[in-house]
Participant: 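Quick one: the structure is below, and I'll ask about it shortly.
Below, all heavy atoms of this structure are taken into account, side chains as well, without hydrogens, waters or symmetry copies. In this chain, residues are counted from 1 in sequence order.
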Amino acid sequence: DVVILCHHILCDGLSLAYLARDLLVHLGDPARDVAPLPDPIPIDSDNVPEGVSVNPVARFVIGRMNRKWAAEKVVFDQEDYRALHRAYWMRYQHHVLCVELAEAQTTALVERCRRSGVTVNSALAAAFVAAQSIVQGEKPYHPSVGVAASLRDRLPRPPGEAMGFYAGLVRLKYRYQGGRSFWDNARRFHHAVRPLLTDKELLQEPLLWCSLDPSILEAINFKKLGGLVQAGASRNQKLAAFSARDDVVLSILKRDRMESLDRITMGTAVTNLTRLDFPRAYGPLALDRLILKPGGAFPLANVNLVLGAVTCAAKLSLILEFVEDNVDSKTMEEIRDRALALLLGEKDPSLP
């Protein structure tokens, strides 16, 4: 096994997939010359599709936020981050369940999705939203779904396979309807999410962050998690005080209803690297499968289930990530089994 770990603020999942492939190339041929990649081209106002911009009202509000933050800015250092890191992992333990579909199962699922007029991504999202509603009963957060998508091919100066953060997220409301077949529900989800996957929707938030003072983005986790740093721990006084302060950073979190760790704001977050046509053979080595554990841009306490998916070597692999504050492991195993039954077992009655 080769395990690659990278902070999500540095790169997206595709970056690590490309890195894994390149590592295999050189592990299979140790004498091969290493050609450095060019510096990645970032997403900024000069590298977005035509017609995508921050509207004047938002630009005015952001300017006011930046000016207010300049007067109250708090600067954080590496020791602050270490204190926050220790406090978070003392409080939360992430759990993962792995699903490894065989090649035949993957092929059958892809064919079933094609015949039903949906993508594998839409089917996965619909199945896990459905499974949570069925197993847990209807919860207010179940209809809130986030779907990630790559921005690489949408940029005027595409980064290609460079390492960097080139991913966006769209949010939608989707409620599973038990009186309909699963594949009918999957089509409903597909028709709801497809119109959202536009340049404007996916790049709006990255552009807003490009306009904000970057230290505001850095401060968000300290605002959200600073209260976890226990009395007597390193930097407790600084971080606890900042966490409790009413300021620009808190207003941003309140806008997204993300200021509290006690509120689940999203039922399902889906990251799917889709199908990667990597070679299977690398000298004496053979690639069996890739597995993606996506992590997230915010604490897992605010999400009931994060689903990471990737198809490589003709096999679909899934990771279900969660915290037991929200759902216990036994319940999540039932959710996993119910979702797989929907994906692999239920025939669409509208098809021959």
Participant: Between Arg91 and Asp325, is a salt bridge (Lys or Arg N to Asp or Glu O under 4.0 Å) present by the stated rule, with each step listed?
Facilitator: CA-CA 10 Å; Arg91 171 61 183 83; Asp325 293 61; 2.6 Å; yes
Participant: Quick one: are the ring centres of Phe76 and Phe222 less than 6.0 Å apart?
Facilitator: yes
Participant: Is there a side-chain contact between Lys223 and Glu259 in this structure, where contact means two heavy atoms from C-beta onward sitting under 4.5 Å apart?
Facilitator: no
Participant: Any side-chain heavy-atom pair from Leu101 and Lys315 closer than 4.5 angstrom?
Facilitator: no
Participant: Just wondering, are more than 12 heavy atoms of other shown residues or ligands nearer than 6.0 Å to CZ in Arg263?
Facilitator: yes
Participant: Is Lys68 paired with Asp247 through a side-chain N to carboxylate O contact shorter than 4.0 Å?
Facilitator: no
Participant: Has Gln237 got more than 12 heavy atoms of other residues, nucleotides or ligands less than 6.0 Å from its CD?
Facilitator: no
Participant: Identify whether the distance between the nearest side-chain nitrogen and carboxylate oxygen of Glu333 and Lys330 falls below 4.0 Å.
Facilitator: no
Participant: Tell me whether the rings of His95 and Phe322 are parallel (<30°), tilted (30 to 60°) or perpendicular (>60°).
Facilitator: parallel
Participant: Could you tell me whether Glu205 and Arg171 have a side-chain N and a carboxylate O separated by less than 4.0 Å?
Facilitator: yes
Participant: Judged by modelled atom types alone, do Thr198 and Arg154 share a side-chain donor-acceptor pair under 3.5 Å?
Facilitator: no
Participant: Are any non-hydrogen side-chain atoms of Val303 and Asn326 less than 4.5 angstrom apart?
Facilitator: no
Participant: Are Val229 and Tyr81 connected, step by step, through hydrophobic side chains (Ile, Leu, Val, Met, Phe, Trp, Tyr) whose heavy atoms are closer than 4.5 Å?
Facilitator: yes
Participant: How about CD on Glu50, more than 12 heavy atoms from neighbouring residues, nucleotides or ligands closer than 6.0 Å, or not?
Facilitator: no
Participant: Does a donor on one side chain and an acceptor on the other come within less than 3.5 Å for Asp184 and Ser181?
Facilitator: no
Participant: Between Arg32 and Asp22 (salt bridge meaning N to carboxylate O under 4.0 Å), is one present in this structure?
Facilitator: no
Participant: Tell me, do Leu343 and Phe182 make a side-chain contact under 4.5 Å, heavy atoms counted?
Facilitator: yes
Participant: Is the number of heavy atoms from other residues, nucleotides or ligands within 6.0 Å of CG (Leu5) greater than 12?
Facilitator: no
Participant: More than 12 heavy atoms of other residues, nucleotides or ligands under 6.0 Å from CD of Gln230: yes or no?
Facilitator: no
Participant: Taking atom CZ of Arg338 as the centre, does the number of heavy atoms from other residues, nucleotides or ligands within less than 6.0 Å exceed 12?
Facilitator: no
Participant: Would Arg112 and Trp183 count as a side-chain contact (heavy atoms from CB on, under 4.5 Å) if you check the C-alpha gap in whole Å, the side-chain angles of each, and the deciding distance to 0.1 Å?
Facilitator: CA-CA 9 Å; Arg112 188 172 286 126; Trp183 290 103; 3.1 Å; yes
Participant: Is Leu300 linked to Met258 within one hydrophobic cluster, defined over Ile, Leu, Val, Met, Phe, Trp and Tyr using a side-chain heavy-atom separation of less than 4.5 Å?
Facilitator: yes
Participant: So do Leu208 and Ile62 actually touch side chain to side chain, heavy atoms under 4.5 Å?
Facilitator: yes
Participant: How about Leu202 and Val170: do any of their side-chain heavy atoms sit closer than 4.5 Å?
Facilitator: yes
Participant: How close do Pro40 and Tyr166 get, heavy atom to heavy atom, and via which atoms?
Facilitator: CB-OH, 3.3 Å
Participant: Would you check if there is a donor-acceptor pair between the side chains of Glu79 and Ser234 at a distance under 3.5 Å?
Facilitator: yes
Participant: Check whether the side chains of Thr119 and Asn121 place a donor and an acceptor atom closer than 3.5 Å, and report yes or no.
Facilitator: no
Participant: Centre-to-centre under 6.0 Å for His191 and Tyr174, is that the case here?
Facilitator: no
Participant: Got a sec: does the CG of Asn55 have more than 12 other heavy atoms crowding it under 6.0 Å?
Facilitator: yes
Participant: Can you hop from Leu196 to Val118 via hydrophobic side chains spaced under 4.5 Å?
Facilitator: yes
Participant: Would you call Leu172 and Phe189 a side-chain contact if the rule is heavy atoms closer than 4.5 Å?
Facilitator: yes
Participant: Looking at Arg157, I'd like to know if its CZ atom is crowded, meaning that more than 12 non-hydrogen atoms belonging to other residues, nucleotides or ligands lie closer than 6.0 Å.
Facilitator: yes
Participant: Please say which of Lys139, Lys173, Arg257 ends up in a side-chain hydrogen bond (donor to acceptor under 3.5 Å, both in side chains) with Ser144.
Facilitator: Lys173
Participant: How about Asn185 and Val129: do any of their side-chain heavy atoms sit closer than 4.5 Å?
Facilitator: no
Participant: In Å and rounded to the nearest 0.5 Å, what is the CD1 to CD1 distance from Ile252 to Ile216?
Facilitator: 5.0 Å
Participant: Tell me the closest heavy-atom pair linking Val54 and Ser211, and the distance in Å.
Facilitator: CG2-OG, 3.9 Å
Participant: Using the side-chain contact (heavy atoms from CB on, under 4.5 Å) criterion, which residues pair with Thr311? Sequence neighbours excluded.
Facilitator: Thr106, Arg275, Leu316
